[in-house]
Amino acid sequence: MGKVLIIGAGGVATVAAHKVCQNTDVFTEIMIASRTLAKCDALADVLGRKYGVKVATAKVDADSVEELKSLLSAYKPDIVMNLALPYQDLTIMEACLQTGCNYLDTANYEPREEAHFEYSWQWAYRERFEQAGLCAILGCGFDPGVTSVFTAYAAKHHFDEIHYLDIVDCNAGNHHKAFATNFNPEINIREITQKGLYWENGAYHETEPMEIHKPLTYPGIGPKESYLLHHEEIESLVINYPTIRRARFWMTFGEQYLTYLRVIQDIGMSRIDEVEYLAPKADGTGSATVRIVPLQFLKAVLPNPGDLGQNYEGETSIGCRIRGLRGGAEHTYYVYNNCSHQAAFQETGMQGVSYTTGVPAMIGAKLFLQGVWTGPGVHNVEEFDPDPFMRELASQGLPWHELHDIDLEL
């Protein structure tokens, strides 16, 4: 039915590629491309042996519009799944525009030189995608992604007005490492060390990093200390659902993780600016000035998130806790998914955080190719009909659950 190009070969891309190969009635031609061809080839070999599917591979620098254009012009995909780094969203979108390709990603753009992310850079492409007759689907992971669809589903089926939205993200897994991040360490640490942000009474309110926190109880897991963060789906949801009075995002962190994080910050290893130091030359003839970005160096020595799955125990629990009006009366609603790290690893070789992002990315691309989620322009996922996506979630490995009229603890 359609030709797909997956850009990226990390944990999320690996999961998405497995799920694409499980749905070859829709994905009839598949290519994986990244900066490191050997990673693409190794993944294609695994997929070929497991599913009997031929997967093409290519080398591409996703920072280069010209390299991307050459690849897209040669392969001519129906949709490009950007599962690379958020730094590369704009170059990939630009290449898609110039070659007539549709686009999907899981996280919004952020510049390398600043730990800051918002949708304005990508929303600025709306008119160009509309004029080109191309579709760009933004934030089709879990959060953002599934949580946005959960909100749309709640608005469609359970509320006349949504007033309070809290997105809650708990990882109760144990990977048996002293310190490791569940996705790209550089992106992860940049995200959680910036100031928090939430929406209330028509305005954004900024907090100090990790300033606001409280214990929340997660189904099948129990109480976990949860911290208010800035997260991008809030930005689009308060626009698309203007009755929302307050919207917040919460994520759990263990005390050991936070202790290591504080040390990393205190000793300057979370810096994203370049520093110089004198390094001895390999031939022993003296020293040479070397420039590094401390956080990028830290990323190189931390465990690779793609290698955490084998010994990962426990599960994630991510969902939306919503309060509003239905039929003139107050109603509460909690919709969520719990995902087992071990089950994710057994199916795809990756841990649950990669799984919960890669599966929705495949679903979004599948719905596009089926003509269900489509239309010229740049769209956040809550702008589409949530029902077919929710049906796919249940059948593709991320079953969801609902609780009505309960104490939301918020």
Side-chain angles (χ1 to χ4, degrees), residues 105-109 116-127 129-130 135-169 195-207 212 228-251 318-336 360 364 367 372-390 400 402 404-405 408-410:
D105 67 31
T106 62
N108 69 356
Y109 172 74
H116 175 76
F117 52 92
E118 61 181 60
Y119 276 119
S120 62
W121 290 289
Q122 291 179 275
W123 285 346
Y125 280 77
R126 277 175 173 157
E127 186 175 347
F129 269 83
E130 287 172 0
C135 180
I137 301 173
L138 305 185
C140 198
F142 206 107
D143 44 349
V146 174
T147 52
S148 306
V149 175
F150 280 169
T151 305
Y153 186 82
K156 180 177 179 179
H157 294 284
H158 300 301
F159 288 92
D160 300 319
E161 293 184 7
I162 291 177
H163 290 168
Y164 300 97
L165 168 66
D166 285 277
I167 297 169
V168 293
D169 183 328
K195 291 188 176 184
L197 196 71
Y198 66 96
W199 174 267
E200 189 166 24
N201 297 327
Y204 283 104
H205 302 269
E206 192 173 76
T207 73
I212 297 176
L228 188 149
L229 304 180
H230 167 44
H231 226 247
E232 63 254 50
E233 62 263 52
I234 297 298
E235 187 179 1
S236 64
L237 287 170
V238 298
I239 293 173
N240 289 315
Y241 299 96
T243 62
I244 292 177
R245 299 174 184 174
R246 186 185 67 208
R248 302 178 294 189
F249 180 93
W250 305 82
M251 184 174 282
I318 312 173
C320 294
R321 302 184 184 193
I322 301 171
R323 181 156 56 99
L325 295 179
R326 181 177 65 180
E330 185 173 272
H331 174 54
T332 65
Y333 177 68
Y334 183 14
V335 55
Y336 66 93
L367 293 177
V372 178
W373 274 19
T374 189
V378 174
H379 307 279
N380 293 88
V381 295
E382 69 268 17
E383 298 172 40
F384 299 108
D385 182 3
D387 292 0
F389 188 97
M390 295 288 275
W400 45 277
E402 299 173 295
H404 295 269
D405 296 314
L408 297 178
E409 303 181 291
L410 292 159

Could you please spell out the steps behind the side chain to side chain contact (heavy atoms under 4.5 Å, CB included) verdict for Trp199 and Leu165?
CA-CA 10 Å; Trp199 174 267; Leu165 168 66; over 6 Å; no
His404 and His331 aromatic ring geometry - parallel, tilted or perpendicular at 30°/60° bounds
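The rings of His331 and His404 lie parallel, inter-plane angle below 30°.
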Closest non-hydrogen atom pair between [X] and [Y], with its separation:
X	Y	answer
Tyr198	Ala247	CB-O, 3.5 Å
Tyr241	Ala155	CE2-CB, 3.5 Å
Gly364	Ile137	O-CD1, 4.2 Å
Ser148	Glu233	OG-CB, 3.6 Å
Pro360	Gly141	CB-O, 3.0 Å
Asp105	Gln122	OD2-NE2, 2.8 Å

What's the separation between atom [atom1] in [X] and atom [atom2] in [Y], rounded to the nearest 0.5 Å?
X	Y	atom1	atom2	value
Leu237	Cys320	CG	SG	7.5 Å
Tyr334	Glu409	OH	CD	8.5 Å
Arg246	Asp166	CZ	CG	5.5 Å
Cys135	Glu130	SG	CD	10.5 Å
Tyr164	Arg248	OH	CZ	10.0 Å
His158	Ile322	NE2	CD1	9.0 Å

Under the side chain to side chain contact (heavy atoms under 4.5 Å, CB included) rule, what do Val335 and Tyr153 come out as? Steps first, then yes or no, please.
CA-CA 10 Å; Val335 55; Tyr153 186 82; 5.7 Å; no
Test side chain to side chain contact (heavy atoms under 4.5 Å, CB included) applied to Phe249 and Asp143, step by step:
CA-CA 10 Å; Phe249 180 93; Asp143 44 349; 3.4 Å; yes
Would you kindly say whether [X] and [Y] are connected by a side-chain donor-acceptor distance under 3.5 Å?
X	Y	answer
Glu232	Tyr119	no
His157	Asp387	yes
Glu382	Thr151	no

Checking [X] side chain against [Y] main chain: does a donor-acceptor pair fall under 3.5 Å?
X	Y	result
His231	Leu228	no
Trp400	Met390	yes
Thr147	Phe142	yes
Asp160	Gly327	yes

May I have the step-by-step check of side chain to side chain contact (heavy atoms under 4.5 Å, CB included) for Trp250 and Ile212, ending in yes or no?
CA-CA 9 Å; Trp250 305 82; Ile212 297 176; 3.9 Å; yes
Return the set of residues passing side-chain contact (heavy atoms from CB on, under 4.5 Å) with Glu161 (not counting sequence neighbours), or none when no residue passes.
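Expected list: His163, Thr243, Leu325.
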Within a strict 4.5 Å, meaning less than it, do heavy atoms of the Val146 and Phe389 side chains meet?
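Of all side-chain heavy-atom pairs linking Phe389 with Val146, at least one is under 4.5 Å.
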Side chain proximity check, Tyr336 to Val168, heavy atoms < 4.5 angstrom
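A side-chain contact is absent here, since even the closest heavy-atom pair is not under 4.5 Å.
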Name of the residue among Arg326, Glu402, Arg323 meeting side chain to side chain donor-acceptor pair (under 3.5 Å) with Tyr333
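The option that passes is Glu402.
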Taking only residues two or more places apart in sequence, or in another chain, which ones meet Trp123 in a side chain to side chain donor-acceptor pair (under 3.5 Å)?
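Result, side chain to side chain donor-acceptor pair (under 3.5 Å) vs Trp123: Asn380.
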Output all residues satisfying salt bridge (Lys or Arg N to Asp or Glu O under 4.0 Å) with Glu206, sequence neighbours left out; order by chain, then residue number.
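If we apply the salt bridge (Lys or Arg N to Asp or Glu O under 4.0 Å) test to Glu206, skipping adjacent residues, the hits are Lys195.
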I'd like to know whether CD of Glu200 has more than 12 heavy-atom contacts from other residues, nucleotides or ligands below 6.0 angstrom.
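Atom CD in Glu200 is crowded, with more than 12 foreign heavy atoms closer than 6.0 Å.
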